[in-house]
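As the structure lists them, so they are numbered: ligands from 1, and atoms in each ligand from 1. These numbers come from a predicted model, not from an experiment.
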Amino acid sequence: MSLDNSSTSSTPTTPLFQISPKDDYSIKPIKEEDYNNVIRFLRKFFFRDEPLNTYVKLLDDENGTCPELEEYSVQTIKDGISLMAVSASGQIIGVCLNGIIRRNENRENCNDDNDNDVHGNEKFLKIIRFLRYADKMSEIFEKFTDVDKVLCVKILSVDGSFRGRGIAKQLMDRTRQIAKEEDFGLMRGDCTSYYSARALARLGFECVYTLKYEDYTEFGEVTFSPSPPHDAFTIYVQQIN
Ligand code: ACO
């Protein structure tokens with residue numbers, strides 16, 4: 001591994017990153033020429049195995065995709081602060097797609113109640129409505145009145161055969177370095193998964209918002225019941241500088 005772990009702040013009982021020779025990988029910025037490979041990676045993993053995507057069965061079949069989520073991913077990458085973990089053989093084994101959120105801007109998953117600007121796949125729309133609701137209820141900018149620019153981890157995904165080895169933590173630790181270098185006031189992770197929440201907690205982030213899936217309904221019905229241990233959506237933050 002080519003990362004320096006010294007910026008991590010917690011004092012875990014087990015190692016924060018479990019590195020072994022077979023985990024030889026590096027963390028790299030995602031550039032325009034990587035878009036296609038990143039989208040291919042997301043189709044194989046995140047589009048299928050992120051807890052809400054799995055619950056709504058976002059992809060209909062083995063070769064399916066979700067153009068709306070692809071567009072969402074590409075738009076996020078265009079903010080220029082996303083990272084990928086690449087194995088020694090050049091294969092993408094993890095991605096962390098990071099977006100910029102500014103105070104008072106018209107954010108895509110955040111501050112209005114109408115869905116007229118998002119069209120298409122109803123399963124995807126259901127998730128976007130949920131994220132917008134959670135964002136609104138979390139009142140991040142009201143809680144952090146001195147912060148104008150937030151770095152938000154929007155999509156985090158690790159290859160199924162490389163999980164539990166600290167790659168997600170490495171990606172977000174390196175993201176935190178970018179947040180420092182680029183003068184973000186706050187770094188934020190919107191966690192639909194118990195494991196992404198756990199990773200941020202281990203990196204010393206604070207949970208500022210929790211929405212249990214059983215408490216979110218549309219038309220009187222619980223909308224998402226992902227399998228355990230994914231029982232809540234959480235927002236973790238850390239002030240930078
Ligand atoms: N069982 C038990 N614990 C696990 C498991 C597992 N299957 N996977 C990860 N963990 C724990 C780790 O032990 C670690 O906790 P610890 O430090 O206290 O031991 C913590 O979760 C993070 O572990 P990492 O190894 O850094 O995480 P990993 O590289 O496995 O990636 C990720 C985590 C990205 C969530 C991966 O499971 C994944 O791709 N899941 C499917 C997509 C998804 O859910 N993405 C996150 C959605 S939220 C968002 O995108 C912002």
### Message
With heavy-atom distances below 4.0 Å as the criterion, list the atoms of ligand 1 near V153.
### Response
51 (C)

### Query
Under 4.0 Å from any heavy atom of P51, which atoms of ligand 1 are there?
44 (O)

### Side-chain heavy atoms of I155 within contact of L42, under 4.5 Å
yes

### Task
From atom 50 (O) of ligand 1, work out which of L42, N98, L156, I93 has a heavy atom at the shortest distance.
L156

### Message
For a quick test of reading the model, state the closest non-hydrogen atom pair linking F45 to G160 and the distance between them.
### Response
CE2-N, 3.2 Å

### Query
With a cut-off of 4.0 Å, which atoms of ligand 1 are near a heavy atom of T192?
47 (C), 48 (S)

#### Entry: Sidechain N-carboxylate O distance under 4.0 Å for R163, D49
yes

### Message
Can you confirm whether L58 sits close enough to F124 that some side-chain heavy atom of one is under 4.5 Å from a side-chain heavy atom of the other?
### Response
yes

### Message
Please confirm whether Q170 approaches ligand 1 to less than 4.0 Å, judged on its heavy atoms.
### Response
no

### Query
Taking Y213 as the fixed residue, which of Y194, F130, F233 is the one that meets the ring-ring contact (aromatic ring centres under 6.0 Å, His included) rule?
F130

### Query
Relative to the heavy atoms of S157, which atoms of ligand 1 are at a distance of less than 4.0 Å?
39 (O)

### Charged N-O contact under 4.0 Å between R176 and D173
yes

### Task
Might you work through the side chain to side chain donor-acceptor pair (under 3.5 Å) test for E50 and S157, ending with a clear yes or no?
CA-CA 8 Å; E50 180 278 331; S157 173; over 6 Å; no

### Task
For S193, counting its heavy atoms only, list the atoms of ligand 1 lying under 4.0 Å from any of them.
35 (C), 44 (O), 46 (C), 47 (C)

### Message
When you compare the side chains of Q75 and E71, does any donor N or O come within less than 3.5 Å of an acceptor on the partner?
### Response
yes

### Query
Any non-hydrogen atom of G189 lying under 4.0 Å from ligand 1?
no

### Message
Checking the N or O distance criterion of under 3.5 Å, is ligand 1 in contact with V158?
### Response
yes

### Message
Against ligand 1, does F46 come closer than 4.0 Å with any heavy atom?
### Response
yes

### Query
Counting each atom of ligand 1 from 1 as listed, which ones have a heavy atom of I155 under 4.0 Å away?
50 (O)

#### Entry: Electrostatic pair R165:D159 at N-O distance under 4.0 angstrom
no

### Element-labelled atoms of ligand 1 that are located less than 4.0 Å from some non-hydrogen atom of G164
25 (O), 28 (P), 30 (O)

#### Entry: Salt-bridge criterion met for E105 and K149 (N-O under 4.0 Å)
no

### Message
If you take the nearest heavy atom of each of F233, Y194, Y195, which one is closest to atom 4 (C) of ligand 1?
### Response
Y195

### Query
So which of L97, D49, L171 gets nearest to atom 42 (C) of ligand 1, if we judge by its closest heavy atom?
D49

#### Entry: D190: numbered ligand 1 atoms lying under 4.0 Å from its heavy atoms
48 (S), 49 (C), 51 (C)

### Message
For atom 40 (N) of ligand 1, tell me which residue out of K154, E50, R163, R48 has the closest non-hydrogen atom.
### Response
R163

### Query
Quick one: do E218 and R129 make a salt bridge, cutoff under 4.0 Å?
yes

### Query
What about G166: any of its N or O atoms under 3.5 Å from an N or O on ligand 1?
yes

